[in-house]
> 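The structure under discussion is supplied below as structure tokens; questions concerning it will follow.
Predicted model only: the values in this text are computed from it and were never measured. Letters A, B, ... are given to chains in the order of the sequence lines, protein chains preceding strands, and every chain is numbered from 1.
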Amino acid sequence: MSKDSPNFRDLVLDFVQQVPAGKVATYGQIAALAGSPRAGRIVGGILSSLGMEESHIPWWRIVNRHGYLSIKGHSADIKDFQRELLLRENVQVNDEYLVDLRQFGWQGLSF
DNA sequence: TTTCCGGCTGATT
DNA sequence: GAATCAGCCGGAA
């Protein structure tokens with residue numbers, strides 16, 4: 001791997017940080033922006049690997065294509081934590097950990 | 001180095 | 001809408 005070439009990881013993190021508060025983005029969205037529309041799973045893997053250390057990255061604003069908090073985390077309460085963070089940003093999350101992408105989907109970039 | 005799995009997505013059936 | 005297939009890139013074994 002060349003270190004002078006921007007990896008997917010770096011690009012993904014950069015885009016995730018550009019997600020405005022009160023909005024959520026999908027893995028595919030970020031992946032597409034990073035250059036690979038099918039690499040959504042990589043985005044998930046990256047965010048999970050980051051952990052809370054990279055707190056400057058709003059990983060909690062990343063949900064899957066259905067608006068579901070697909071985060072796996074190391075604890076079963078991680079989703080509840082993410083839900084609270086989103087609710088605090090005026091993002092409605094129901095009991096199923098589902099977000100209404102029609103309303104909060106981040107479509108201010110490619111859409 | 002190779003191989004396999006995975007927090008996904010889009011297209012097709 | 002649900003099920004299936006293939007492609008994407010990274011990390012662990």
Side-chain angles (χ1 to χ4, degrees):
Chain A
M1 300 193 234
S2 310
K3 47 187 170 178
D4 54 274
S5 298
N7 291 333
F8 223 74
R9 208 189 97 124
D10 299 313
L11 292 172
V12 167
L13 297 178
D14 189 45
F15 284 116
V16 172
Q17 291 178 79
Q18 293 179 52
V19 178
K23 292 282 184 174
V24 295
T26 65
Y27 295 104
Q29 172 94 52
I30 299 299
L33 290 170
S36 297
R38 308 301 161 90
R41 46 169 69 182
I42 311 306
V43 177
I46 291 167
L47 296 178
S48 63
S49 299
L50 288 175
M52 310 293 182
E53 302 302 304
E54 318 296 323
S55 56
H56 52 98
I57 298 177
W59 56 266
W60 56 87
R61 297 192 194 133
I62 310 304
V63 297
N64 73 7
R65 153 138 190 51
H66 303 286
Y68 179 74
L69 310 190
S70 59
I71 199 157
K72 187 154 64 171
H74 310 80
S75 300
D77 302 305
I78 186 67
K79 284 195 293 229
D80 196 47
F81 176 55
Q82 181 176 9
R83 172 143 109 9
E84 290 299 305
L85 288 167
L86 292 173
L87 288 172
R88 191 195 287 191
E89 298 183 335
N90 297 308
V91 176
Q92 294 171 20
V93 182
N94 64 27
D95 298 332
E96 300 287 313
Y97 299 102
L98 200 63
V99 179
D100 188 349
L101 292 175
R102 296 172 303 177
Q103 269 186 94
F104 307 103
W106 183 44
Q107 303 169 35
L109 218 74
S110 40
F111 246 36

> Send over the distance from A/Leu13 CG to C/dC9 P, rounded to a whole Å.
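It works out to 16 Å between those atoms.
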> C/dC9 C1' sits how many Å from A/Ile30 CD1, rounded?
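Rounded to the whole Å, the gap is 16 Å.
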> Any side chain to side chain donor-acceptor pair (under 3.5 Å) pairs touching residues 91-102 of chain A, not counting sequence neighbours?
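For residues 91-102 of chain A, and leaving out neighbouring residues, the side chain to side chain donor-acceptor pair (under 3.5 Å) pairs sorted by first residue read A/Asp100-A/Arg102, A/Asp100-A/Gln103.
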> Starting at the 5' end of DNA chain C, write a dot or bracket for each base, bracketing those in Watson-Crick or G-U wobble pairs whose two distances are under 3.5 Å and using | for partners on another strand.
.||||||.|||||
> Whole angstroms only, please: what is the OH-C1' distance between A/Tyr27 and C/dC9?
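Going from A/Tyr27 (OH) to C/dC9 (C1'), I get 16 Å.
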> Let me confirm one number: the CG-CG distance from A/Leu13 to A/Leu47, rounded to the nearest 0.5 Å.
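Rounded to the nearest 0.5 Å, the CG-CG separation comes to 7.0 Å.
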> For nucleotides 2-6 of chain B, which of its nitrogen or oxygen atoms have a protein nitrogen or oxygen under 3.5 Å away, and what is each distance?
unit_1 : atom_1 : unit_2  : atom_2 : d
B/dG6  : N7     : A/Arg41 : NH1    : 3.0

> With a 4.0 Å cutoff (strictly under), does any side-chain N or O of A/Arg9 reach OP1 or OP2 of C/dC9?
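No, because none of the side-chain N or O atoms of A/Arg9 sits under 4.0 Å from OP1 or OP2 of C/dC9.
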> Mind checking what makes side-chain hydrogen bond (donor to acceptor under 3.5 Å, both in side chains) contact with A/Lys23, not counting sequence neighbours?
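side-chain hydrogen bond (donor to acceptor under 3.5 Å, both in side chains) list for A/Lys23, sorted by chain: empty.
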> Taking C-beta and beyond as the side chain, do A/Ile62 and A/Phe15 meet within less than 4.5 Å on heavy atoms?
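The answer is no, as the side chains (C-beta and beyond) never meet within the 4.5 Å cut-off.
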> What residues form a side chain to side chain contact (heavy atoms under 4.5 Å, CB included) with A/Ile71, not counting sequence neighbours?
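Side chain to side chain contact (heavy atoms under 4.5 Å, CB included) check on A/Ile71 returns A/Trp59, A/Ile78, A/Lys79, A/Gln82.
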> Just how far, in rounded Å, is P of C/dA12 from CD1 of A/Ile46?
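It works out to 13 Å between those atoms.
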> What is the distance, rounded to the nearest whole Å, between atom CG of A/Leu47 and atom C1' of C/dG11?
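It works out to 15 Å between those atoms.
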> In whole angstrom, what separates A/Asn7's CG from C/dC9's C1'?
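Atom-to-atom, A/Asn7 to C/dC9, this comes out as 10 Å.
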> Rounded to whole angstroms, how far apart are CD1 on A/Ile62 and P on B/dT9?
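In whole Å, B/dT9 P lies 11 Å from A/Ile62 CD1.
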> Checking A/Ala39 now: which residues fulfil side chain to side chain contact (heavy atoms under 4.5 Å, CB included) with it, not counting sequence neighbours?
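If we apply the side chain to side chain contact (heavy atoms under 4.5 Å, CB included) test to A/Ala39, skipping adjacent residues, the hits are A/Phe8, A/Ala31, A/Ser36, A/Ile42.
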> Is A/Ile46 close to A/Val16 at the side-chain level, that is, under 4.5 Å between some pair of heavy atoms?
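Not in contact.
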> Using side-chain hydrogen bond (donor to acceptor under 3.5 Å, both in side chains) as the criterion, list what pairs up with A/Ser70, not counting sequence neighbours.
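side-chain hydrogen bond (donor to acceptor under 3.5 Å, both in side chains) check on A/Ser70 returns A/Tyr27.
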> Could you write out each protein N or O paired with an N or O of nucleotides 11-13 of chain B at a distance under 3.5 Å?
none

> To the nearest Å, give me how far apart CZ (A/Phe8) and P (C/dG11) are.
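Going from CZ in A/Phe8 over to P in C/dG11 covers 12 Å.
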> Sort and list the pairs that fulfil salt bridge (charged side-chain N to carboxylate O under 4.0 Å, His left out) and have at least one residue in residues 60-71 of chain A, not counting sequence neighbours.
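Counting only pairs at least two positions apart or across chains, the salt bridge (charged side-chain N to carboxylate O under 4.0 Å, His left out) contacts touching residues 60-71 of chain A are A/Arg61-A/Glu89.
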> Check A/Gly22 against A/Phe104 and note the closest heavy-atom contact, atom names and distance.
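Shortest heavy-atom separation between A/Gly22 and A/Phe104 comes out as O-CD2, 3.6 Å.
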> I'd like to check the salt bridge (Lys or Arg N to Asp or Glu O under 4.0 Å) partners of A/Asp14; sequence neighbours left out, ordered by chain and number.
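Listed in chain order: nothing, the list is empty.
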> Categorize A/Gly28 for me: base, sugar-phosphate, or nothing, with a 4.0 angstrom heavy-atom threshold over every strand shown.
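A/Gly28: backbone/sugar contact only, no base atoms under 4.0 Å.
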